Amino acid sequence: MRSHTCGELHRENQGQRVTLCGWVSSARNHGGILFVDLRDRYGVTQITFDPEAGGTPPEILEQASRLGNEDVIRVQGRVALRAEGQNNPNRCTGEIEVFADQLELLSKSEPSPIDLSEKNETSIETRLRYRYLDLRRPSLLQGLAFRSKFCHALREHLLGQDFIEVETPILTRTTPEGARDYLVPSRIHSNKFYALPQSPQIFKQLLMVGGVDRYFQIARCFRDEDLRADRQPEFTQLDLEMSFVEEEDVLQVVEAAVVHAFKRCLGIDLKTPFPRLRHEEAMERFGNDKPDLRFGLELVDLSALVARTEFKVFTSALEAGGCVKAIPVPEGADLSRKEIQGLEEVAKEYGARGLAWCKLGDEGLSGPVAKFFAGDLQEELIERTGLKPGGLLLFGAGDRTMVLRSLAEVRNALGKKLGLTPEGEFAFAWVTHFPLFEWNEEKQRFEFSHHPFTAPEDWDVDFSKDTEKVASRAYDLVLNGWELGSGSIRIHRQDVQQRIFEFLGMSPEEAQEKFGFLLNAFRYGAPPHGGFAFGIDRIVTLALGLDSIRDVIAFPKTASAACLMTDAPSPADPAQLEELKIRLIPKKEEAQA
RNA sequence: GGGGGUGUAGCUCAAUUUGGUUAGAGUACCGGACUGUCGAUCCGGUGGUUGCGGGUUCGAGUCCCGUCGCCCUCGCCA
């Protein structure tokens, strides 16, 4: 149907007779001569309808004058070099044009609800409703192409490392821990439900028991939780698992795959090895477990020092068992009161009561808390924080978890504000040795912080002693302050698994009921194994310098998990419900009516 | 479930401190002019239940109450 695409004709094609197909992206009619920008996935080529210089039959020019934006056409003509001064340097096809002598209207378009000229940005709502039009925008199309290439590179690398790509079920059983499941009713087994997988976790471990040795999958995962810019109800992970390995083996494989993909798709040589931080070190230095390592601004603990001040906010925080930390900001004294107030708002969002601060000038400290640091204390503070004249010090005081959390967010806001987060810089990092357990305040008990099969760092550790500090063999991959994914070395020893369940107050019967098929499998010789999974949507978003994973998903859902294009979810037909033996509970207002 | 933002022409936005005539502009679309444009230009035109429902008022895009969609976010989750 076509001899070339709209992105491939150049100077060398001069004089060739070609046939092109595509969408009319703009038509400029000058009366006796008419230009059409013809667009397809590959680019834009200018089609010129010119009876005199171009040999366009007058009736074809007449036909072309009726073309509208987004009409789909097929044209035939001759490639010609443009005259001096008529080149368009913004386009790779800008040195040539095609003089058309034949035109075929393949499909007429109504006016587009989306402004594809990108003169103004159409609202995300309209874009999602008409996603098939939105996709025509080069940036979105290129995003999809990049994603495809990225996945290909990962596949290519892992297949070269003896991994086997295996598909695991989408219809599976509900799992008790973790996120809320999407449920699918069973027709054959009435009153029973499948669940969509939150991840292929258990299946991949069973593949290890099955001797697959090295597995990977680009797997769709489903979680029925509330959405964010970096979270969709269905998302894609590169999931992998390996037998007879330790942390080092897994980390190296993942790292090499990422390095390969970045090289292949962006031409970037990532620095290896990625920095590694133990979990407690990341928390101490950056306040969270997914630090943005593109910049410093590390936290400094000042608890011991400020215990000697008279500042009630600090001393009472310490008396209550909390801590006082600070972020020294070089050159931060340039920030205005208002800007600091903005940072305080950030801190408050995460539970801080306020954000104390002081500045260091040539004549010592100034600002709200300066007066509490006199003489020796002032000198010690300056020494301890490394503050230089022109610097700013931001304090967080109170409950340790809250201080870390709020200062971590203040740090991120500062990084952005001070221009320390340049696009095109990729700061990967591993965070290792996550705690095995986590205190659940609501339920007043310990829970798995990763998942039930994560191995403890020490097989023989006593879980009851310093429970919160018991380290696991779980690790996360972090990029520019985003958590990309996580993994762990798993428990292959029944005795250890049993001890953990026992410690969490789960009876053998309960464990059997919840995870029976996996525990049973482990009775028949389970190889030591471990693995990893990271979010494809997220890594591709970051690689392209975008803000939302929506931009790399063809048909994303809204914040309320709806699809505006298909109008999913939708009511079910009563006959379908009948067949599934499902009766609906009316909403409150309907019940009252 | 909570907080913040937002909703006006197909699209992107405006509409005067504190309510006041016929709700405007750009773009798109339609018609006309135009032989080198590439955000073409020039002239003319169509296009509105101001998200929806109620209320206050002589009068509501504007004020009040409710409700819905979308975005960001807390909780939740990865």
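Each chain gets a letter, A, B and so on, in the order the sequences are listed, and its residues count up from 1. Predicted model only: the values in this text are computed from it and were never measured.
Note on A/Thr122: only backbone sugar-phosphate atoms sit closer than 4.0 angstrom, heavy atoms only; bases stay farther off. Among the protein residues, A/Asp224 comes within range of no part of the nucleic acid, since none of its heavy atoms lies under 4.0 Å from any strand. Counting any heavy atom pair closer than 4.0 Å across all strands shown, A/Glu121 reaches sugar-phosphate atoms only and no base atom. Counting any heavy atom pair closer than 4.0 Å across all strands shown, A/Phe99 reaches a base atom. A/Ser199 comes within 4.0 angstrom of nothing in the nucleic acid, heavy atoms only.
When both distances must be under 3.5 Å, the Watson-Crick or G-U wobble mate of B/U67 is B/G51. Under the Watson-Crick or G-U wobble criterion, with both distances below 3.5 Å, B/A25 is paired with B/U12. Pair assignment for B/U18: none, as no Watson-Crick or G-U wobble contacts are both less than 3.5 Å. Nucleotide B/C42 forms a Watson-Crick or G-U wobble pair with B/G32, both donor-acceptor distances falling under 3.5 Å.
Atom CZ in A/Arg127 sits roughly 12 Å away from atom C1' in B/C71 (whole-Å rounding). Per the geometry, CD belonging to A/Glu70 stands 13 Å off C1' belonging to B/G10, to the nearest Å. Summarising the geometry, the separation between CG on A/Leu116 and P on B/U12 is reported as 13 Å, rounded to the nearest angstrom. At whole-Å resolution of the value, CD1 in A/Ile33 and P in B/C38 are 13 Å apart. Taking atom CG of A/Leu34 as the reference point, atom P of B/C38 lies 14 Å away to the nearest angstrom. Distance CG (A/Asp50) to C1' (B/U37): 12 Å, rounded to an integer number of Å. Atom-to-atom, CG of A/Leu564 to P of B/C68 comes out at 16 Å; the value is rounded to the nearest Å. In this structure, the CG atom of A/Leu61 is 14 Å from the C1' atom of B/U37, given to the nearest Å.
Residues A/Glu344 and A/Lys338 are not paired through a salt bridge, judged by the lack of any N-O separation under 4.0 Å between the basic side chain and the carboxylate. Salt bridge status for A/Asp476 with A/Lys290: absent, with no side-chain N to carboxylate O gap under 4.0 Å.
The side chain of A/Thr558 contributes an N or O atom lying less than 4.0 Å from OP1 or OP2 of B/C70. Contact annotation: A/Ser123 does not reach the phosphate of B/U6 (side-chain N/O to OP1 or OP2, under 4.0 Å).
The same atom, P, is picked in B/C30 and in B/U46; the two are 16 Å apart, to the nearest Å. Taking atom P in both B/U50 and B/G44, one finds a spacing of 28 Å when rounded to whole Å. For the C1' atoms, the distance from B/G66 to B/C71 is 22 Å, rounded to whole Å. Between B/C74 and B/G61, the two C1' atoms lie 32 Å apart (nearest whole Å). Between B/G24 and B/C64, the distance separating the two P atoms is 25 Å to the nearest Å. Nucleotides B/G55 and B/G2 place their C1' atoms 27 Å apart, quoted to the nearest Å. Annotation: B/G59 and B/G20 have their C1' atoms spaced 7 Å apart (nearest Å). Distance noted for atom P between B/A25 and B/C72: 33 Å (whole Å).
Mapping A/Arg82 and A/Ser112 onto RNA chain B by nearest heavy atom places A/Ser112 at the nucleotide closer to the 5' end.
Residues that satisfy the salt bridge (Lys or Arg N to Asp or Glu O under 4.0 Å) test with A/Arg78, not counting sequence neighbours, are absent from this structure.
Listed nucleotides B/G36, B/C38, B/C70 differ in distance to A/Phe35; the shortest reach to its side chain belongs to B/G36. The side chain of A/Asn69 sits closest to B/C29 out of B/C29, B/G36, B/U12. Comparing B/C71, B/C11, B/G36 by their closest approach to the side chain of A/Asp115 singles out B/C11. For A/Pro111, counting side-chain heavy atoms from C-beta on, the closest listed nucleotide (B/G36, B/C34, B/A28) is B/A28. The nucleotide whose nearest atom lies closest to any side-chain atom of A/Gln46 is, among B/C70, B/C38, B/C11, B/C38.
Annotation for A/Gln444: atom CD counts as buried by contact number, over 12 foreign heavy atoms lying within 6.0 Å. By the 6.0 Å contact criterion, OH on A/Tyr194 is open, its count of non-hydrogen atoms from other residues, nucleotides or ligands being 12 or less.
Defined by atom type and a distance below 3.5 Å, a donor-acceptor pair is missing between the side-chain atoms of A/Arg136 and A/Ser112. No donor-acceptor contact under 3.5 angstrom links the side chains of A/His433 and A/Arg276, judged on distance only.
Under 3.5 Å, the side chain of A/Asn88 and the base of B/C38 form at least one donor-acceptor pair of N or O atoms. No donor-acceptor contact under 3.5 Å links the side chain of A/Arg28 to the base of B/C34.
Here A/His30 packs flat against the base of B/A40; its ring centre is closer than 5.5 angstrom to the base's six-membered ring, tilted by less than 30 degrees.
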Side-chain donor-acceptor contacts of residues 540-556 of chain A below 3.5 Å, not counting sequence neighbours, with atom names and distances?
{"from": "A/Thr541", "atom 1": "OG1", "to": "A/Asp537", "atom 2": "O", "distance (Å)": "2.6"}
{"from": "A/Ser548", "atom 1": "OG", "to": "A/Ala229", "atom 2": "O", "distance (Å)": "3.3"}
{"from": "A/Ser548", "atom 1": "OG", "to": "A/Arg550", "atom 2": "N", "distance (Å)": "3.1"}

Between A/Glu234 and A/Arg220, does a salt bridge (Lys or Arg N to Asp or Glu O under 4.0 Å) hold up when you go through it step by step? CA-CA 7 Å; A/Glu234 50 181 307; A/Arg220 195 71 65 88; 2.6 Å; yes
Between A/Asp226 and A/Arg231, does a salt bridge (Lys or Arg N to Asp or Glu O under 4.0 Å) hold up when you go through it step by step? CA-CA 8 Å; A/Asp226 286 346; A/Arg231 228 196 275 169; over 6 Å; no
Its contact letters, B for base, S for sugar-phosphate only and - for none at protein heavy atoms under 4.0 Å, make nucleotides 72-78 of chain B read SSBBBBB
